[in-house]
Amino acid sequence: MAQTLNRGPVSGTAGTPPSKKKPFLVDFYSTAVGKKYVMAITGIIGIGFVVVHMIGNLKAYLGVITEGDERVYDIDIYGEFLRELLVPIMPRTYVLWGLRLVLIAAVLLHIHAAYSLTVLNRKARPVKYQSPRDYQVANFASRTMRWTGIIVALFILWHLADLTWGWANPDFVRGAAYRNLDASLSRIPVAILYIVANIALGIHLFHGTWSLFQSMGWSSPRFNKWRRGLAVGVATIIVVGNVSIPVAVLAGVIEFDPDAVTHEEAAE
Ligand code: HEM
C-alpha cells in the first residue's frame, strides 16, 4: 500500500518554526538563518574591537611623551582618552561604558548563537559523520572554531583579571597600563598564555571573517579570492600586532622605568 508522506512546507531554514506571537527579531533569531546573522553581526563588532584594541596596544611602542611639565607613558594617556570620550557633552566614562555594554552584549549573543546552532546541527544530524572524507571538506580553522572560541573566551576572563581588575597581577597599579603590561608579561608563563591565546584568536578570526560573508548572504565566486585575502589579512595583522607585545616585553624593548615619568599612572 502506498504511503502518504506528511511533510510540512519547506522553509529553507532548520530550527523551530516561527510562531506568530513573538516579536519579529525574537522570531527571526529562532531560525538557523537568524542565528547565523547574529553570529555574523556580533562577529563584525568583535573584529572592530580587536582591530582598535590592537592599534591601542601598539601605543606601548611610543614610550614616554611630554605634556606640559608632565612626562607620561603614551599608552596611559590613551586609556584616559577612552574614559574622557565625548566629555563635556557626556559625563566622564559614559561613552566608554556604552561601548563596553555593546561589546558584552555582542560577546554573549555570539556565544549563545554558536551554542544553539551546534544544538540545531546535532538535531539535524543525530548520527556523527562516519567517513574521514568529510573532514577534507572543512579546513583546520573551521573544524576548530569551537575550541579557538572557548580559548579566546577564557583568555578574555583571565585578561580582565590581569590588566583591568588586577587580581591576577600582584604588581598591578590602577590606570598604569604600561607599568602593568611590563609587570604582567615579564612572567614567562603569562607571556606564553598571551601568545597562544592570540594565535587561537587569529585562527578563529580567519575562519570567522571568511564565513561571515556566507552567513550574510554576500558570497559570490567573483569575490571569493578577495574574501580570502581579507580573512588572511585581518588574522595576520591582529596576531602579529598583539603577539609582538609579550615578545617586546620579554626582549626588554617595552620596559617600565619609574624615573622616566612624573606619575606612574594617568589620572583615574
Ligand atoms: C597581547 C595582546 C593584548 C594586550 C597587550 C592587551 C592589553 C590590554 C590592556 C593594557 C588593557 C587595560 C586597559 C586599561 O584598563 O587601561 C586591556 C583591556 C582589555 N582587553 Fe586587551 N590586550 C591584548 C589582547 C586582547 C584580546 C585578544 C582581547 C579580546 C579578544 C582583549 C580584550 C580586552 C578587553 C575586553 C579589555 C577591557 C576593555 C575595557 O575595560 O574598556 N585584549 N587590554
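The figures that follow rest on heavy atoms only: side chains count, while hydrogens, waters and symmetry mates do not. Because the structure is a prediction, the values reported are computed rather than measured.
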Pair D162, Y194: side-chain N/O donor-acceptor within cut-off below 3.5 Å:
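A donor-acceptor contact under 3.5 Å links the two side chains.
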
Measuring from [X]:[atom1] to [Y]:[atom2], what's the distance to the nearest 0.5 Å?
X	Y	atom1	atom2	answer
F206	S211	CZ	OG	10.0 Å
L86	T93	CG	OG1	12.0 Å
F155	L201	CZ	CG	8.5 Å
M39	I111	CE	CD1	9.0 Å
I77	E67	CD1	CD	4.0 Å
I55	I238	CD1	CD1	8.0 Å

Sub-4.5 Å side-chain heavy-atom contact between [X] and [Y]:
X	Y	value
Y178	I254	yes
W158	V190	yes
W218	L212	yes
F28	V33	yes
I41	L109	no
D76	V261	no

Looking only at atom types and distance, does a side-chain atom of [X] sit under 3.5 Å from a main-chain N or O of [Y], one as donor and one as acceptor?
X	Y	result
T31	G34	yes
T118	A114	yes
R179	P258	no
S186	A183	no
R228	K225	no
T148	M145	yes
D182	F256	yes
R71	T262	no
Y73	I65	no

Answer yes or no: are there more than 12 heavy-atom neighbours, outside [X] itself, under 6.0 Å from its atom [atom1]?
X	atom1	value
H112	NE2	no
R146	CZ	no
L157	CG	yes

According to the ring-ring contact (aromatic ring centres under 6.0 Å, His included) rule, which pairs have a member within residues 78-97, sequence neighbours left out?
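For residues 78-97, and leaving out neighbouring residues, there are no ring-ring contact (aromatic ring centres under 6.0 Å, His included) pairs at all.
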
Over all atoms of both residues, closest heavy-atom pair of [X] and [Y]:
X	Y	result
A113	V38	CB-CG1, 4.2 Å
N57	I245	O-CD1, 3.4 Å
S116	K35	CB-CE, 3.5 Å
T164	F172	O-CZ, 3.4 Å
L103	I45	CD1-CG2, 4.3 Å
N180	N169	O-ND2, 3.4 Å

Any link between M90 and L85 through a network of hydrophobic side chains (Ile, Leu, Val, Met, Phe, Trp, Tyr) touching at under 4.5 Å?
yes

Please list, chain by chain and in numerical order, all residues satisfying side chain to side chain contact (heavy atoms under 4.5 Å, CB included) with V239, sequence neighbours excluded.
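Applying side chain to side chain contact (heavy atoms under 4.5 Å, CB included) to V239 gives I199, V243.
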
Checking side-chain contact (heavy atoms from CB on, under 4.5 Å) against I47, which of V52, T42, L205 comes through?
L205

In terms of ring plane angle, is the pair W226 and F223 parallel, tilted or perpendicular, where the classes change at 30° and 60°?
perpendicular

Non-neighbouring partners of E84 that pass salt bridge (Lys or Arg N to Asp or Glu O under 4.0 Å), sequence neighbours left out:
R92

